[in-house]
Amino acid sequence: MPSVTLERSRKKRLEHAHPWIFNNEIASVDGNPEPGDLVNVLNHQGRYLATGYYNPASQITVRVVAYQPLESEQMDTAFFAARFRDCLRHRERFIQDGEAYRLVYGEADFLPGLIVDRFGSILVVQLLTLGMDRCREAIVQALIEVMQPEGIYERSDVSIRELEGLEQTKGPLYGECPRHVTVTENGLLIKVDIVEGQKTGYFFDQRENRAAIEPLMKGWGYKSGITLQTTEQDGTEQLLPVNKSGKVVTFPYWDGATVLECFSHTGSFTLNACKYGAKKVTCLDISEHAIESARTNVELNGFTDRVEFVVADAFQYLREQVKGLDERTARARAAEQKVDTSKALAAGGKTFDVVILDPPAFAKTKSAVKGACRGYKDINLQGMKLVNEGGYLVTASCSYHMRPDLFLDTIADAAEDAGKVLRLIDWKAAGKDHPQILGVDEGHYLKFAIFEVRSKKN
């Protein structure tokens with residue numbers, strides 16, 4: 001097998017399990033490997049370190065697939081089938097809810113450049129690198145052997161392929177691939193558009209985080225003066241919700257939260273909010289296609305009467321609500337001071353018990369971090385202003401370059417400007433179908449936090 005020998009002065013990232021070898025770390029290449037071929041990786045003393053596939057046209061020249069010599073000199077069907085079985089065992093151990101999850105997560109599953117999402121009997125694959133693109137047929141055959149799918153659809157329509165000298169592409173690879181598939185997550189029905197939806201059609205990485213909002217959805221009846229009291233009903237004494245007028249409350253979600261979900265995509269947080277008892281949810285996205293997907297999913301689960309849909313830019317919507325809130329606060333003070341309040345109020349001014357912010361990546365490159373900080377600060381600043389006293393801000397970032405400490409610092413800056421005190425209640429990363437290799441910081445991309453929001457002054 002051909003080999004690459006690494007520079008003596010390089011950082012020992014490979015020894016710390018990082019699977020990427022950059023072109024400036026390579027001292028020499030022996031054996032004339034073709035692009036996509038497997039090569040052995042040696043240190044400057046000639047000692048074996050790993051095996052990976054080679055692409056001299058990429059800044060990441062070698063991507064590691066094994067830390068011991070392989071029996072075969074190519075990644076064939078048997079190679080991929082063995083890896084896929086290992087991936088499947090991991091998911092079946094940790095994902096108990098249905099048959100929808102990320103089956104293969106690139107580097108974290110020792111298959112860099114390959115993503116496979118499972119939607120029941122349909123698989124969606126992304127081939128992101130030249131090495132994986134060359135193995136397309138072996139990958140498909142191995143997936144058929146291990147998973148017995150009804151269809152395999154490719155969504156390699158991502159710009160990262162162009163860095164590998166590849167064109168973007170998508171389309172069916174095997175069997176029958178319907179555009180829409182319906183799967184179950186957290187006990188909820190989700191209809192996914194695998195052809196036109198973002199990435200592979202759905203984001204599985206927030207599965208556990210969506211379920212984490214359950215404790216936030218109930219316990220709000222006290223705000224309306226509703227309490228549980230022992231009351232005679234139909235000739236028997238029952239513990240029932242009673243309002244301040246002494247009347248029994250019949251609305252089943254009397255104790256539920258009012259919720260705003262921004263950047264809703266398929267409405268996944270909205271669905272979980274309704275499942276766990278939310279009173280009313282505002283589901284917002286700038287994309288009409290996304291809102292239609294969310295509306296379909298809400299209808300599938302029978303939550304239509306509790307959800308309103310808004311097609312709008314989240315930044316603009318949040319600012320409008322804050323502007324209306326500020327004007328109403330100023331109007332109330334003016335009325336107390338007997339100042340003319342005849343001027344019409346601005347629209348907006350809605351507040352919520354829970355505000356959920358799950359935006360797309362604002363920083364896709366290191367150079368974009370400064371602008372991303374402004375964006376994250378803006379939405380979190382406006383969002384926390386709309387949280388009712390003692391309510392919760394649920395916020396996330398999927399930008400790898402927005403490191404966890406920087407993300408928290410940005411939110412802290414927003415809280416200072418908003419005059420808020422935040423209590424961190426929960427902090428999570430991606431779910432168990434998105435494992436992380438220690439030492440590979442690029443895998444630590446998702447940050448998810450739940451904060452209780454309190455005001456410094458009334």
Could you tell me if the ring centre of Phe119 sits under 6.0 Å from that of Tyr153? no

Testing Thr351, Val354, Asn388, Thr282 one by one against Thr258 for a side-chain contact (heavy atoms from CB on, under 4.5 Å), which residue passes? Asn388

In terms of side-chain geometry, is the basic nitrogen of Arg10 or Glu15 positioned less than 4.0 Å from the acidic oxygen of its partner? yes

Residue pair Arg210 / Ser268, side-chain donor-acceptor N/O under 3.5 Å: yes

Heavy-atom nearest pair, Asn209 first then Phe269, reads O-CE2, 3.9 Å

Identify whether the distance between the nearest side-chain nitrogen and carboxylate oxygen of Arg85 and Glu145 falls below 4.0 Å. yes

Would you please say whether a donor-acceptor pair under 3.5 Å links the side chains of Glu299 and Thr304? no

For the residue pair Glu442 and Trp20, confirm or rule out a side-chain donor-acceptor distance under 3.5 Å. no

Where do Asp353 and Gly256 come nearest, in terms of heavy atoms and distance? OD2-O, 4.3 Å

N/O donor-acceptor pairs under 3.5 Å from side chains in residues 371-380, not counting sequence neighbours:
from: Tyr376; atom 1: OH; to: Ser397; atom 2: OG; distance (Å): 2.9
from: Tyr376; atom 1: OH; to: Ser399; atom 2: OG; distance (Å): 2.8
from: Lys377; atom 1: NZ; to: Asp417; atom 2: OD2; distance (Å): 2.8
from: Asp378; atom 1: OD1; to: Gln382; atom 2: NE2; distance (Å): 3.4
from: Asp378; atom 1: OD2; to: Arg319; atom 2: NH2; distance (Å): 2.5
from: Asn380; atom 1: OD1; to: Thr395; atom 2: OG1; distance (Å): 2.8
from: Asn380; atom 1: ND2; to: Tyr376; atom 2: O; distance (Å): 2.7

Any ion pair linking Lys170 and Glu196 (charged N to carboxylate O, less than 4.0 Å)? yes

How are the rings of Phe94 and His90 set relative to one another: parallel (under 30°), tilted (30 to 60°) or perpendicular (over 60°)? tilted

Angle between ring planes, Trp427 versus Phe407, binned at 30° and 60°: parallel, tilted or perpendicular? tilted

Check side chain to side chain contact (heavy atoms under 4.5 Å, CB included) between His444 and all other residues, then give those that pass, not counting sequence neighbours. Arg403, Gln436

Is Lys199 paired with Asp117 through a side-chain N to carboxylate O contact shorter than 4.0 Å? no

Pair Asp205 + Arg102, salt bridge at N-O below 4.0 Å: no

Quick check: closest heavy atoms across Ile194 and Arg155, and the distance to 0.1 Å? O-NH1, 2.9 Å

Evaluate the ring planes of Phe203 and His265, with Trp represented by its six-membered ring, and classify them as parallel (under 30°), tilted (30 to 60°) or perpendicular (over 60°). tilted

With respect to Glu25, which candidate in Lys12, Lys11, Arg13 satisfies the salt bridge (charged side-chain N to carboxylate O under 4.0 Å, His left out) definition? Arg13

Hey, is Glu167 close enough to Arg161 for a salt bridge, meaning N to O under 4.0 Å? no

Side chains of Glu214 and Asn272: donor-acceptor distance under 3.5 Å anywhere? no

Phe251 ring center near Tyr253 ring center (under 6.0 Å): yes

When rounded to the nearest 0.5 angstrom, what distance separates CD in Gln68 from CG in Leu70? 8.0 Å

Tyr67 and Thr51: side chain donor to acceptor below 3.5 Å: no

Students often mix this up, so state it plainly: with edges at 30° and 60°, are the rings of Tyr105 and His434 parallel, tilted or perpendicular? tilted

Take Glu154 and Arg136 through the side chain to side chain contact (heavy atoms under 4.5 Å, CB included) test and state the conclusion after the steps. CA-CA 10 Å; Glu154 181 176 6; Arg136 180 186 303 266; 2.3 Å; yes

Val41 vs Val62, side chain to side chain contact (heavy atoms under 4.5 Å, CB included): CA-CA, chis, key distance, verdict: CA-CA 9 Å; Val41 182; Val62 179; 4.0 Å; yes

Whether the Glu164 and Ser58 side chains hold a donor-acceptor pair (N or O, under 3.5 Å, no angle test) is what I'd like checked. yes

Name of the residue among Arg89, Arg91, Arg83 meeting salt bridge (charged side-chain N to carboxylate O under 4.0 Å, His left out) with Asp109: Arg91

Under the ring pair (Phe, Tyr, Trp, His ring centres under 6.0 Å) criterion, do Phe204 and Tyr202 qualify, and how do the steps go? CA-CA 6 Å; Phe204 287 119; Tyr202 190 67; 5.3 Å; yes

